[in-house]
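Excluded from the calculations below are hydrogen atoms, water molecules and symmetry mates; all remaining heavy atoms, backbone and side chain alike, are included. Below, chains carry the letters A, B, ... as their sequence lines are ordered, and counting in each starts from 1.
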Protein chains: 2
Amino acid sequence: MKKATIHDIAERLNVTASTVSRALNGNPRISETTRKAVLKAAKELDYEPNQVASALRSGKTQLIGMLVPSINRAFFSSIIKGVEEVANSLNYRVIVSQSSEVLSNEENAVKAFLNARVDGIIASIGKNTQHFDHYEQVLDRGLPLVLFDRTTPFLQTSQVVIDDYQGAYLATTHLIEQGCRSIVHLTTERKIDIYKERYRGYLNALTDNNIEPDTSMVFSGNLQVEDGRVHCEALLKQERKFDAIFSASDYAAIGAMQVLKENGFKIPDDVALVGFLNEPFTSFTDPPLTTVNQFPIEMGQTAANLFFNLLNTEKKKIRPKKTVIQPELVVRASSLKK
Amino acid sequence: MKKATIHDIAERLNVTASTVSRALNGNPRISETTRKAVLKAAKELDYEPNQVASALRSGKTQLIGMLVPSINRAFFSSIIKGVEEVANSLNYRVIVSQSSEVLSNEENAVKAFLNARVDGIIASIGKNTQHFDHYEQVLDRGLPLVLFDRTTPFLQTSQVVIDDYQGAYLATTHLIEQGCRSIVHLTTERKIDIYKERYRGYLNALTDNNIEPDTSMVFSGNLQVEDGRVHCEALLKQERKFDAIFSASDYAAIGAMQVLKENGFKIPDDVALVGFLNEPFTSFTDPPLTTVNQFPIEMGQTAANLFFNLLNTEKKKIRPKKTVIQPELVVRASSLKK
DNA sequence: ATTAATTATGCAATCGATTGCACAAACAAA
DNA sequence: TTTGTTTGTGCAATCGATTGCATAATTAAT
């Protein structure tokens, strides 16, 4: 049994498909009588619009392409959640793809989105992406493009980021307030801005509190659990004096926590710890890890709102907008002395 | 500057759009000469097929609707990841929606998928869903439907689940092998099969080892962290003797772990702990939590494979297939004595 | 009663790709 | 030379909804 179309409705009422289409879309040139009849017939025939046909004619698919490095990372899946919520409420659907941080995947995903004729794209660029031609194409076609978290100044388009500088500044200041003076920083060499900003926040918090930054206290790696372990073991081996670690990632912070505990250090009394990301596991460590909340769901909602802003703005009047979300320091036992 | 269509290619080569279409689709009735010319022109004009037009005519959108209770839960986002990987490699895209365990959301999402004319649906049903009309509609339309994790015997369609019974059996047996005899079980009243199966696995492991099950050792709640805490506190208050807890969820296990540690119990020596899910945080607790891995990414891949199986099978020959994934006990320090 | 203005609907093209059927050209067989 | 195949393309309809323009029907104005 096939789905009813507007033609079936038209036939039953002895009108044309045009009339039915207009009636269903609330066109004011249709009489109230006809409109009611159409709506009634539509219900009786269990009519549901075919969005594919509609999309072909109107050029609007009601689809948003969403590209993330990895779907199953807490941060990204929460952003997807936020985007989905807003999109859904406005009758848009979200197509997700992942780049796995590989440029060619990223390019292919964007191309696939364009072929699927999405109405626009929301994306976070890969860690190592330096070419942006594929995104330029999106803009050239006049499609809305919103970047989140990992952005680039090379693309003139709306973006949402958190204030990484502020997050790091808050974290470091908090450690100082807890009496720490020798604060280690775990970071990465990655070219994306977010880590530079966190590093800058760390440095400024130190100098603002009259603590001389010491570059030998800054360790660069991949920010994974193992990196945290390695750096921390190196610190201990060198018998360096330090009373706190601010890690640009929760994972490295956990690695450090493990090593510290294994070596009999008390957290936070001997060494206070602060991470970054507010990964779900941070509240389950022992002690629970102080970290920086990036509000990923809200970030997703914001990205979606920016998206619809672009979508509803005349092309000529579009002015890219950058939204900066203020992060929140989540203070837990790993840094709270006394 | 508008996208080129097959008509533009046709015009340039003085052939018709039919020929171009056939050439691009590898129809053997097109001469090699023409095919090459078409391919060349397509490249020069930067032609990309319009999938919307193709979808309208062919009835295939290359879209899969994927419905999960919540996008940002590790288990579900990993399943999405697995589905996306397979789908992507076969040139399909995945639309995601979340039900938030609310029936009306579930119904709306399915309806939205149908309106978007997806080629089929992969879904996990809501915790409280007892009506399946919306899924029946999918089947009535002859669309592939694959259910995963949370399924129902009321729908005749392919599904992927893990062997919850076996997971629980392994977990409980492991505790017994570690010398435990009084094993508490944390579960839920929910109507979905998975918890019943885990309970059954727990019981059978006990009786198979000549341990008399004691229903007063079984606690039912929501399986969240707080529930684990509450149940554990109750146990301690009643001064019940127990030497292990097998929780049907990692969250409740963590709650219990917290309470035990707060009360000076040694884990695993005084009480051994095993959870279920293999949530990412379980490796970061202290001690790390023994748990049951459900292989969610593999489950997603399997679901996708079942989906394409259905898609490529003649309607008449379709025989729903149930795939059962064998879980793995991930033994960590929370249960490993000595 | 005639004209003008308004209102409701129909006609037909369009979006871009696909496909059954027809047909011309080229070639082979008789 | 005639008939029969094979091969490569074209024609035109189709998928279902949308929309500019035309027109019929109704009402208002003169």
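- Atoms CZ (Arg29(B)) and P (dA24(C)) sit 15 Å apart, rounded to a whole Å.
- For the residue pair Ser31(A)/Thr34(A), the side-chain donor-acceptor check at 3.5 Å is satisfied.
- Residue Val15(A) is classed as a sugar-phosphate contact, given heavy-atom separations below 4.0 Å to backbone atoms only.
- Contact check of residues 19-26 of chain B against DNA chain C (heavy atom, cut-off under 4.0 Å) returns Ser21(B), Arg22(B), Asn25(B).
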Hey, can you pull the donor-acceptor pairs under 3.5 Å for the side chains in residues 47-56 of chain A, sequence neighbours left out?
from	atom 1	to	atom 2	distance (Å)
Glu48(A)	OE1	Asn115(B)	ND2	3.4
Asn50(A)	OD1	Val52(A)	N	2.8
Asn50(A)	OD1	Ala53(A)	N	3.2

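- Note that the two end axes of the helix from dA1(C)-dT30(D) to dA30(C)-dT1(D) enclose an angle of 60°, each drawn from 5 base pairs, rounded to 10 degrees.
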Give the table of side-chain donor-acceptor pairs shorter than 3.5 Å for residues 120-128 of chain B, with sequence neighbours excluded, one pair per line with atom names and distance.
from	atom 1	to	atom 2	distance (Å)
Ser124(B)	OG	Phe148(B)	O	3.0
Asn128(B)	OD1	Arg190(B)	NH1	3.1

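- Ile6(B) has its CD1 atom 15 Å from the P atom of dT9(D), to the nearest Å.
- As judged by a 4.0 angstrom heavy-atom cut-off over every strand, Ser18(B) is placed among the base-contacting residues.
- Looking at residues two or more places apart in sequence or on another chain, you find a side chain to side chain donor-acceptor pair (under 3.5 Å) between Thr61(B) and Asp119(B).
- When the C1' atom of dA17(C) is taken as reference, atom NZ of Lys60(B) falls 16 Å away, rounded to whole Å.
- As rounded to whole Å, 14 Å separates atom P of dG16(C) from atom CD of Glu48(B).
- Of the candidates dT9(D), dA17(C), dT19(D), the closest approach to any side-chain atom of Arg57(A) belongs to dT19(D).
- Comparing atom distances between the His7(A) side chain and each of dG16(D), dA17(C), dT7(D) picks out dG16(D) as nearest.
- Listed by first and then second residue, the salt bridge (Lys or Arg N to Asp or Glu O under 4.0 Å) pairs involving residues 54-80 of chain B amount to none (not counting sequence neighbours).
- Within the structure, the salt bridge (Lys or Arg N to Asp or Glu O under 4.0 Å) test picks out the following pairs touching residues 11-24 of chain A (sequence neighbours left out): Arg12(A)-Glu44(A).
- Within the structure, every side-chain polar atom (N or O) of Ser54(B) is placed at least 4.0 Å from both OP1 and OP2 of dA17(C).
- Looking at residues 31-41 of chain B, you'll see that no heavy atom sits under 4.0 Å from any atom of DNA chain C.
- We find that CD of Gln62(A) is positioned 15 Å from P of dA17(D), with the value rounded to whole Å.
- With sequence neighbours excluded, the residues satisfying side-chain contact (heavy atoms from CB on, under 4.5 Å) with Gln130(B) are Lys191(B).
- Listed nucleotides: dC11(C), dC15(C), dT18(C). Nearest to the side chain of Ala17(B): dT18(C).
- For the pair Ile9(B) CD1 and dT9(D) C1', the computed distance is 16 Å after rounding to whole Å.
- Using a 4.0 Å heavy-atom cutoff across all strands shown, Asn14(A) reaches sugar-phosphate atoms only and no base atom.
- If you take CG of Leu45(B) and C1' of dG16(C), they are 15 Å apart, rounded to a whole angstrom.
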Please report, to 0.1 Å, the donor-acceptor pairs under 3.5 Å made by any side chain of residues 304-313 of chain B, with sequence neighbours excluded.
from	atom 1	to	atom 2	distance (Å)
Asn305(B)	ND2	Gln301(B)	O	3.2
Asn312(B)	ND2	Phe308(B)	O	2.9
Thr313(B)	OG1	Asn309(B)	O	2.4

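- By the side-chain contact (heavy atoms from CB on, under 4.5 Å) test, Gln137(A) is found to be paired with Leu114(A), residues two or more places apart in sequence or in another chain being considered.
- When the P atom of dT6(D) is taken as reference, atom CD1 of Ile30(B) falls 19 Å away, rounded to whole Å.
- No side-chain donor from either of Asp149(A) and Thr151(A) sits under 3.5 Å from a side-chain acceptor of the other.
- Taking the side chain as every heavy atom from C-beta outward, Val118(B) and Ile64(B) never approach each other to under 4.5 Å.
- With the nearest nucleotide of DNA chain D identified for both Leu56(B) and Pro28(B), Pro28(B) has the one nearer the 5' end.
- Residue pairs meeting the salt bridge (Lys or Arg N to Asp or Glu O under 4.0 Å) criterion with at least one partner in residues 78-106 of chain B, sequence neighbours excluded, are Glu101(B)-Arg150(B).
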